There are 2 protein chains.
Amino acid sequence: MTKMEMQTRDKVKKRQGISLYYQVAEVLREKILSGHWRPGDQIPTEDELCELFQVSRTTVRYALSTLVSEGLIYRKQGQGTYVAEPTLEQVSPQLLGFTEEMTQRGVRPDSRILAVEKVPASEKVAEKLHVQVGEFVILIKRLRLTDDEPIGIQTAYVPFAVCPSLLNDDLSGSLYALLERKYQLHLDNAKDTYYVGMLRDEEARLLEVPSGSAAFVVERITVTSDGTPVEYVRSFMRGDRYKVSHQLSRNKSFG
Amino acid sequence: MTKMEMQTRDKVKKRQGISLYYQVAEVLREKILSGHWRPGDQIPTEDELCELFQVSRTTVRYALSTLVSEGLIYRKQGQGTYVAEPTLEQVSPQLLGFTEEMTQRGVRPDSRILAVEKVPASEKVAEKLHVQVGEFVILIKRLRLTDDEPIGIQTAYVPFAVCPSLLNDDLSGSLYALLERKYQLHLDNAKDTYYVGMLRDEEARLLEVPSGSAAFVVERITVTSDGTPVEYVRSFMRGDRYKVSHQLSRNKSFG
DNA sequence: CAGTGGTCTAGACCACGCT
DNA sequence: GCGTGGTCTAGACCACTGA
């Protein structure tokens, strides 16, 4: 397998507050998800990446570590770093955001922001997030895409008190990355509920399916290590294209 | 919360081939698991750990990163590093049959047998059960009810070789109970896949919903402890009444 | 403001897998 | 031997938190 070349000398420099390792990871992630680099390919060595991006080896290694943890690449000591096989289906009961889930499935996630607003919590949202009715929450409504095809519409609610400046953040990417990286929240677990729903006219139009089509609905409440709910999200996924798998075990833990 | 002190100046030096960061992590892990440091406690700062172990900050941070990924500690920028709450029940979702699941949900399960036959495995069934195409399997098709209301139609396939006399058994109750008690199979785990499907005329009639209604489809492959698939079941549940919940947990690796 | 973790540099030497 | 990733140093500056 030939080593992959970087075509462009990608500039990664002090782009307003984005860390270098994050930018490096971004570029490499794109190479992989776009199919520019394919599973099994060896990517440039760490020294080459240092040269290409004009950053230190520590920075390159930190970027690579994040990609390893995402399952996109793996390292072989004494040999090189390689593009991993895409994980076919999400089987582990691991809590992943949309961006992370799709990356792990080996498709390229994207999103279009439909709405970002500060709104008073409805009764339902208040109950889910353990806040008072009328208390401010941030609503984030996004159209989600995989490989440029619309796959679902997600409406997330985050307590305003938890991250007041979220309104100013770039919400086109991973919300979880923001919550963890910028707001230092320690997401711990979530409860997912799956059921069948119906798409209304506008939703169907956005998802490019006939009005009245069935949707695979996912409701999730995400809580941090100290038990605080930080996100309630309802996702209407295209019923014809989305599925979820889980591993269940019989063992009643300790008979 | 008072900052925890290190009592001993733990030696971490070139212990034959064990890396420094690993030794540092080992010592800290022991402090936490032994209860010497308790959840919520702040551990020594990175600079203090450098001093204590006489290693560089990079090494300390790498050690801490491994503990973060293990969920033992978490960091708060500008504040410190703290011992995490132990993860309460990281038990993966429990594998239950229909009868067990509904009993646990507090409703009365019942079923009507629609068909029990010995049939040759189709290509799809053969693949799922790891048998040869055409090899005999037992098909069990049942209408499932809760509190006397039809809720779903289940079609299960069990390799004939696994329990040849299943045809003579009473299949109106729990199949899992039969497999475990009578056939001494040790059911271990299953993979569930959920997606949206469509009900055909006859299925809709049995479920007492309009033809063409959406169904919540569950596909399950159940395997025993030795990895043998013993059941492949596809369930068309009423989309208007059935939902499934799962607990997911975050296990960040890096960041 | 001082103190914390977050990011980053420019080196160094080691352990490993190949030829 | 040579090139790879693995480990490690001794600094530096930044961003965030709390008093």
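Convention: sequence-line order gives letters A, B, ...; per-chain numbering from 1. This one's a predicted model, so the numbers in the text were calculated from it and none came from an experiment.
- Between Y62(B) and dT7(D), a side-chain N or O to OP1/OP2 separation shorter than 4.0 Å is present.
- The heavy-atom pair separating C50(B) from S56(B) by the smallest distance is SG-C, 3.7 Å.
- Here E127(A) does not pair with K124(A) in a salt bridge; the nearest charged N to carboxylate O distance is not below 4.0 Å.
- Rounded to whole Å, atom P of dT7(D) lies 13 Å from atom CD of Q23(B).
- E46(B) has its CD atom 11 Å from the C1' atom of dT7(C), to the nearest Å.
- The interatomic distance linking Q79(A) (CD) with dC18(C) (C1') rounds to 8 Å, in whole Å.
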Check nucleotides 10-13 of chain D for protein N or O atoms closer than 3.5 Å to its own N or O atoms and list the pairs.
{"residue": "dA10(D)", "atom": "N6", "partner": "T58(B)", "partner atom": "OG1", "Å": "3.3"}
{"residue": "dA12(D)", "atom": "N6", "partner": "R57(B)", "partner atom": "NH1", "Å": "3.3"}

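- A cation-pi arrangement is present between K76(A) and Y82(A) under the rule of less than 6.0 angstrom and at most 45 degrees off the ring axis.
- Taking the six-membered ring for Trp and the full ring otherwise, the centers of Y232(B) and H130(B) sit at least 6.0 Å from each other.
- Between Y22(B) atom OH and dC8(D) atom P the separation is 13 Å, expressed in whole Å.
- Which of dC8(D), dT7(C), dG6(C) sits closest to the side chain of Y21(B) comes down to dC8(D).
- As rounded to whole Å, 11 Å separates atom P of dG18(D) from atom CD of Q77(B).
- For N189(A), the side-chain contact (heavy atoms from CB on, under 4.5 Å) test picks out V223(A), Q247(B), S249(B), with sequence neighbours left out.
- For the OP1/OP2 pair of dG6(D) and a distance below 4.0 Å, the side-chain nitrogens and oxygens of S19(B) include no atom meeting the criterion.
- Stacking of K118(A) on the aromatic ring of F160(A) is recorded, both the 6.0 Å distance cut-off and the 45° axial limit being met.
- The interatomic distance linking D47(A) (CG) with dG3(D) (P) rounds to 11 Å, in whole Å.
- The CD atom of Q42(B) sits 10 Å away from the C1' atom of dG3(C) (whole-angstrom rounding).
- The existence of a salt bridge linking E231(A) and R220(A) is excluded, since no basic side-chain nitrogen approaches an acidic carboxylate oxygen closer than 4.0 Å.
- Between T81(A) and dT4(D) there is no side-chain polar atom (N or O) within less than 4.0 angstrom of OP1 or OP2.
- L64(B) places its CG atom 15 Å from the C1' atom of dT7(C), with the value rounded to the nearest Å.
- Here T45(B) does not reach the OP1 or OP2 of dG3(C): none of its side-chain N or O atoms lies under 4.0 Å away.
- At the phosphate of dG5(C), neither OP1 nor OP2 sits under 4.0 Å from any side-chain N or O atom of R61(B).
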